[in-house]
Amino acid sequence: MYWNRKAETLKPGELRRLQGKRLKKVTKYVYRNSGFYKKKFRDLGLKPGDIRGVEDLGRLPFTRKSDLRDNYPYGLFCTGLESIVRVHASSGTTGKPTVVGYTGNDIELWTEVMARSIMATGSTRKDVLHVAYGYGLFTGGLGLHYGGERVGCTVIPASGGNTARHLLLMQDLGSTVLACTPSYAVYLAEYAEKEGIDPREDLRLRVGVFGAEPWSEPMRKRIEDALDLKAYDIYGLSEIVGPGVAQECEEQCGAHIWSDHFLPEIVDPETGEQLGEGEEGELVFTTLTKDGIPLLRYRTGDRTILEYDKCSCGRYHPRMIKVRGRVDDMLIIRGVNVFPSQIEHVLLRIPEVGSHYLLVVEREGPLDVLTVKVEVTEDVISDRVRDLMKLEENIKSSISQALGIKVDVELVEPFTLERSKGKAVRLKDLRE
Amino acid sequence: MIKQLSVFLENEPGRLVKVTRILEDAGIDIRALTVAETADFGILRIIVDDPDKAHGILKENNVAVASDSVLGVEVDDKPGGLRVIAEILAEGEVNIEYVYAFATRSRGKAFIVLRVDDRERAVEVLNSSNIRLVEQNEVSGV
Ligand SMILES: [Zn+2]
């Protein structure tokens with residue numbers, strides 16, 4: 001379903017012309033309004049007029065997260081605070097948060113792409129949208145909230161927190177759409193089962209809008225089975241706008257980037273060189289229509305592949321083929337590149353394995369050792385040790401086959417790995 | 001037939017204590033227990049007076065538990081008691097996967113728990129040798 005049929009079904013030629021026009025405009029705008037970009041342009045010997053269309057995108061300077069941090073809090077804003085109506089911030093793992101600001105127009109633009117995103121999942125004003133993302137400085141809650149209201153959904157601003165209360169609200173209020181992180185969806189399902197709540201009988205969920213962390217195709221299957229809904233990937237980051245930068249449609253074949261507002265490219269994370277269609281690399285965005293804090297060629301740190309062919313849903317907006325993980329999530333184990341998402345992919349295809357796992361990397365002497373901790377489910381418990389040893393062996397060899405490295409596997413008791421209500425922690429790197 | 005509970009345990013200090021305490025707090029009496037282990041984990045096998053209640057309580061406490069049936073056999077509580085059973089089964093070409101014993105209050109008798117590869121055949125050869133099989137209700141009332 002479309003929210004804005006015209007914008008969502010632009011043909012490739014029309015889309016590229018519109019992007020070119022907007023790119024020229026935003027280039028001039030930042031040059032005029034941002035000391036930061038003016039200096040970058042000067043250093044490169046670049047004039048705003050040099051950018052004549054999308055083909056010149058590669059000439060523009062990159063922007064990095066560190067630029068936002070170095071110019072904390074308002075240094076990259078292109079407008080005075082009198083025009084800023086809202087601020088969001090994402091917590092850095094170290095030091096100061098990253099602060100972003102929105103003008104009234106920016107909130108309008110964000111609401112528009114969120115409305116498109118919600119309707120792309122087949123949700124309409126008839127739906128009851130349960131927002132279990134946190135409300136606050138984090139963009140998740142308010143992003144879904146405004147988009148849901150714009151579509152006309154009945155929005156339940158449940159926010160983060162108490163799982164029993166979420167289930168009670170969803171049961172009593174008849175929620176049909178659930179928005180949260182995929183790992184929290186898994187936790188909700190587990191909790192419901194323990195409490196004897198059967199999603200098929202007691203809940204009316206039919207759509208899940210899950211994002212803010214990468215998740216694999218097998219994880220999607222599990223969530224869909226456990227909660228009896230169709231699960232869709234939503235992608236976004238606060239630096240660009242928040243959730244709603246990209247959204248999966250009902251075909252479930254990768255999130256469509258709303259590229260009339262956010263112009264994507266894929267670059268080599270090492271060299272910064274633009275990569276061709278179908279190549280995997282780091283996702284980079286240029287915001288085409290933002291006023292408060294427009295960013296040129298922002299390095300997201302997310303690795304993906306873009307597909308540009310027409311989707312069966314009628315949209316040409318390019319699709320992100322599942323984020324494979326963060327560029328900085330990549331582990332180098334004994335010289336081999338490993339993404340945690342690859343391991344999840346293998347693990348969740350083994351039916352006996354629970355949905356929770358933890359990867360621990362340690363150094364033993366000169367060697368990196370990767371241990372995969374997996375929770376057993378009660379279905380695999382047997383009185384015979386050898387049945388479980390066989391399962392361990394099976395996990396080990398499946399991962400080794402897929403990744404080309406040897407790993408250790410450790411079965412652990414159910415509910416002993418940490419559950420998260422926000423982003424899941426699935427990796428502990430104890431090296432150095 | 002006797003009901004046996006199998007519990008998954010990580011090889012960490014305190015895990016066995018945790019499980020036995022859960023049962024103790026629920027007023028469940030453990031009649032016999034044995035642990036089979038590898039470097040990383042172990043399987044605790046237990047015989048209790050009320051297996052259904054024990055199963056439920058353990059599950060509620062997020063313990064990974066499964067239940068199944070094993071053979072219970074009565075033997076004389078004296079040297080050679082177990083050997084007699086082993087010989088009967090060997091002659092009947094039944095393999096024993098594991099065995100453990102527990103004392104009873106009936107004087108001079110002990111119960112043993114047997115897991116074999118062919119249960120039907122085991123019952124047949126034990127019966128024909130006049131070995132008494134023990135049922136769950138006897139365990140519950142030990
Ligand atoms: Zn589509």
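Lettering of chains follows the sequences in order, A, B, ..., and the numbering in each one begins at 1.
- For L44(B), no part sits under 4.5 Å from any heavy atom of chain A, backbone or side chain.
- Using a cutoff of 4.0 Å between basic side-chain nitrogens and carboxylate oxygens, E418(A) and K428(A) are not scored as salt-bridged.
- Only the side chain of E97(B) comes within contact range of chain A, with at least one heavy atom under 4.5 Å from a heavy atom of that chain.
- The two atoms that bring Y133(A) and F210(A) nearest to each other are OH-C, 3.6 Å, heavy atoms only.
- For S382(A), the part lying near chain B is the backbone, with the side chain staying farther off; criterion is any non-hydrogen pair under 4.5 Å.
- Of the atoms belonging to F41(B), it is side-chain heavy atoms, and not backbone ones, that fall under 4.5 Å from chain A.
- With chain B as partner, the option from V412(A), T377(A), T416(A) having the largest number of non-hydrogen pairs under 4.5 angstrom is V412(A).
- The aromatic rings of Y98(B) and Y100(B) sit parallel to each other, their planes meeting at less than 30°, with 60° as the upper class boundary.
- In this structure, CD in E74(B) is found 9.5 Å from CD1 in I131(B), a value given to the nearest 0.5 Å.
- Taking the ring centroids of H166(A) and Y184(A), they lie under the 6.0 Å cut-off.
- The part of E392(A) that comes within reach of chain B is its side chain, from C-beta onward, which places non-hydrogen atoms under 4.5 angstrom from that chain.
- In terms of heavy-atom pairs under 4.5 Å with chain A, the best-connected choice from R115(B), Q4(B), E12(B) is R115(B).
- The stretch residues 36-47 of chain B participates, sequence neighbours left out, in no side-chain hydrogen bond (donor to acceptor under 3.5 Å, both in side chains) pair at all.
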